[in-house]
Every structure is written in C-alpha cells, then in structure tokens.
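Following: one structure in structure tokens, then a few remarks.
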Amino acid sequence: MILASPERINAVRAAAAALTPVVLDLTARIAAVAAPTNDEGDRSRFVEQLFAAEGLVPQRDSIGDVVATIPGRLPAAAGTKTLLIAAHLDTVFVKKTPLEITKTPDRLTGPGIGDNSVAVATIVKLAQVLSMSGEASAVDVLVTGNVGEEGLGNLRGIRQVLSDRPEVGAVVALEGHNLGRVTHVAVGSCRYRIVATGPGGHSWGDFGKPNAIHALAKLISELDAIPLPRVPKTTLNVGTIEGGVSVNSIAPTASCLLDLRSTDEPALQRLSERVVRLAGHNSRIDGVSFRLETIGERPAGVVAADSPIVRIAARTLDVLGVDPSFDASSTDANVPIAMGIPAICIGLTSGGNVHRTDEYIEVAPVANGIAQLALLTLALSELLAARAI
Ligand SMILES: [Zn+2]
C-alpha cells in the first residue's frame, strides 16, 4: 500500500488542522452564493475567483464547470494519467431561498452547508494543504467544482469534465457529509414523466368517455406489478401524480413521475424497456394514450471492493482512526464508474438535515476529513504515476 510514513502523515494532519478555520470560513462564503441545479453561474464564477486567489489557473467551461490543475512533481510522461477530485457546486434550493449561515463553535448551519459547500471549500484549499505539509502529488491533480449533480442535473457537469479530459485515470467525488463513506457501487437510475391524454368531458353528461386519471391509475398498478429482483437491488417508484380539471369533469390529462433504480446496469435497462413497452408512445388503456418523456438517466456500475482505489481509501480512514463504511449511492462517481475509470465518493465530516434549510455540519471532524482527502490524493497520484491503477 502506498501510504506516507507516520511523520509525513502527521505533517498532513497538522496542515489540515491549521487550515480548518480557513476552510470553514470559505464554506460559509460559498454557501451564501445561490447555486440551484442548472443555474449555478454565480457560484461557478465565485469559485473560479477562489481558485485564482490560490495561484491556480482555473478554466470554466460553457456549462459552468470550473477546473484547476495542481501540478504534480513528476514531468508528465506520455500516457501519464491524472487524478480528478470533484465537488459539485449545485444545491437543491431554489434561487430565492434565504441563504443565512449561522456558526457556533461546534456547528455550521445553513442550506447546502454540507451538501456541498464544505467539499467545494476543501478542494479550493487542497493545494495549500499539500504545500504546507511539504508534499506534492506525483502526477497532476485536477480539482473541479462541477455543476448538475442534484435532482434533474443528471450529472451533466462531471460528464462534461470527463469528456473534455480523456487523460483522467481515477476520480474521487467529494461530498460534505458522511465522513467514512467509501461509495464504490453506483446506483443507476432512469426517470420518466408519463403523460396520459384523453378527450375529457362532463362527468355526468359524457359518462363513459375515457378518463385519463382512471387509465393512468390502471397503468400505475401494472407498473407496480412488475416483479423486481432483490439482488441486484432494483426499485420502481411513482413519486408524484397530478391531473384532471375539476371534480365533475372527465379528466382530459394526467401525469406522473417515475423513478427506476438499480446497482446493475443490465437489470436497470431490462426494467426500463419493460416500462417503455407499457407506457411508451402509442400505448393506450381504455382509449387514453400515453406519452413517455425521459427526464433523467444516471448509469450504474461497481468498482470492486478489493480494487486499489477502494483499499487505499479504507486504509487512509484506518490511519486517521475513522471506520470505513462501504456503500452504494448515486453520486458524481457514477459517470466515471460506468466509463470504467476507477472512482469512489468519500465524505468530509458529519452532520444532518441534508436537503433542508436547517442543514448542519459538525466542525470537529472536518480536520480529519481534509487530511483524508490530502493523503488519498498523494497515494492515488503515486499509483497513477506507477501505472498501478
Ligand atoms: Zn451532494
């Protein structure tokens, strides 16, 4: 295992602890800039300035991803791969949400504080953590504040960053919450809007004409009857339903949002094909026609539990006295994992009330979270330089 000596680990821990107040201050400033998914421009420009203030040379792409390079100490040989550290910029909060951040010695509280402002602040300061520790990564490390991770962002930011940079050889997605997580199983999803359309009419005078709500209800019960494997875990959920015009009208339209998930890409595709057969274009129930719109697709995949990236992430946590927990989730790591690039998602601290306006993070674990990222960066960059990943 390529992990630094105890002396070097202590130097990284000391630098992480010394810079923690700066990271927390930056976290509050980043969280104060609105960044709803698909409208991240303000925060993206702010983070571009923060990278520049660190002496890095950020690049901002057309959708708002900001990428900076922390130069490695080895001259780039032909075919050398780089490491990408990704922290998403976007939040689930609409633009008018009041972004009040409160601080106590133990906690920072505010919308998006841990998901994902503290992670963005940490990647901004990563270069300084390394230099203060007297360390440099072996190969170049790319750090990105990327757009489009939450909800209907559909992971478009990380997709763009990776498609622009074929030299990336490993990816660490960074999230503020759940220090200790090593997410190496990517939960894939397909999300659809199903729209049912019929003729409408008066509930009494036109009784007998097709009703879009009745037909959609029958369709949903057919979807609900699809058998789903427990292993690999595969799920189907109708999350919202709406439609109709009044109590005494035959509903002319109705629609629902459907979320399909699996840890296994073929299982997800099989389920998706079945849904398309039942609810796709030209399908009808009782004279009501259905239309299916894709509103999100996230690929599934697995990085083996005994692969170098997972083992080093676990070892790094061990060294810092944190118990690793291996899990499956939907994160920016889904995209590289599905592309066959070794990738994981890790957390920085503990906290709670994620996706609520009273979200909070605990201050105490942050220094360990920062040290974890720095040590993992050094170890993975050694593996990439040795072409051992
Ligand atoms: Zn997040």
Side-chain angles (χ1 to χ4, degrees), residues 23 26-28 30-40 43-44 46-47 63-66 84-95 97 99 101 108-124 126 143-162 171-189 191 259 261 296 298-299 313 325 327-337 343-362 365-366 369-370 372-373:
V23 168
L26 210 49
T27 300
I30 292 166
V33 181
T37 302
N38 296 334
D39 189 7
E40 301 94 339
R43 186 175 291 184
S44 158
F46 181 55
V47 169
I63 60 171
D65 302 305
V66 184
L84 176 70
I85 316 279
H88 69 85
L89 297 171
D90 58 316
T91 74
V92 297
F93 302 101
V94 298
K95 201 146 200 174
T97 308
L99 298 176
I101 313 301
L108 261 61
T109 303
I113 195 79
D115 185 14
N116 202 22
S117 300
V118 71
V120 177
T122 297
I123 64 162
V124 168
L126 179 61
V143 280
T144 180
N146 59 280
V147 301
E149 192 272 345
E150 300 283 3
L152 298 180
N154 213 19
L155 309 183
R156 66 192 192 115
I158 192 81
R159 282 181 218 268
Q160 185 70 48
V161 170
L162 287 173
V171 178
V172 175
L174 190 62
E175 288 278 344
H177 289 280
N178 298 326
L179 174 61
R181 77 186 283 184
V182 180
T183 303
H184 64 107
V185 178
V187 178
S189 63
R191 289 163 177 178
D259 175 72
R261 296 185 181 223
R298 297 172 174 227
S325 63
D327 71 355
S329 183
S330 175
T331 71
D332 274 330
N334 283 43
V335 172
I337 289 173
I344 51 172
C345 178
I346 61 170
L348 268 174
T349 184
S350 48
N353 300 347
V354 181
H355 291 189
R356 288 172 28 170
T357 53
D358 59 350
E359 180 184 351
Y360 68 91
I361 54 169
E362 305 284 358
V366 171
I370 298 170
Q372 167 201 219
L373 179 68

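Just so you know, ligand 1 is whichever comes first in the structure, and atom 1 is the first atom listed for that ligand. Bear in mind the structure is a predicted one, so any value in this text is a computation, not a measurement. Heavy-atom basis, side chains included; hydrogens, waters and symmetry copies ignored.
D259 meets the salt bridge (Lys or Arg N to Asp or Glu O under 4.0 Å) test with R191, R261; sequence neighbours excluded.
Checking each of N154, T91, D90 against T37 for a side chain to side chain donor-acceptor pair (under 3.5 Å) leaves exactly one that passes, namely D90.
Sorted by chain and number, the protein atoms of type N, O or S within less than 2.8 Å of the Zn ion (ligand 1) are H88 NE2, D115 OD1, E175 OE1, E175 OE2.
A donor-acceptor pair shorter than 3.5 Å can be found between the side chains of H355 and E150.
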TODO: Before giving the answer on side chain to side chain contact (heavy atoms under 4.5 Å, CB included), spell out for H177 and V118 the whole-Å C-alpha distance, their side-chain angles and the decisive distance to 0.1 Å.
DONE: CA-CA 9 Å; H177 289 280; V118 71; over 6 Å; no
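Of the possible donor and acceptor atoms, none in the side chain of N178 sits under 3.5 Å from a partner among the backbone N and O of G347.
Side-chain contact check for I346 versus L174: some heavy-atom pair is nearer than 4.5 Å.
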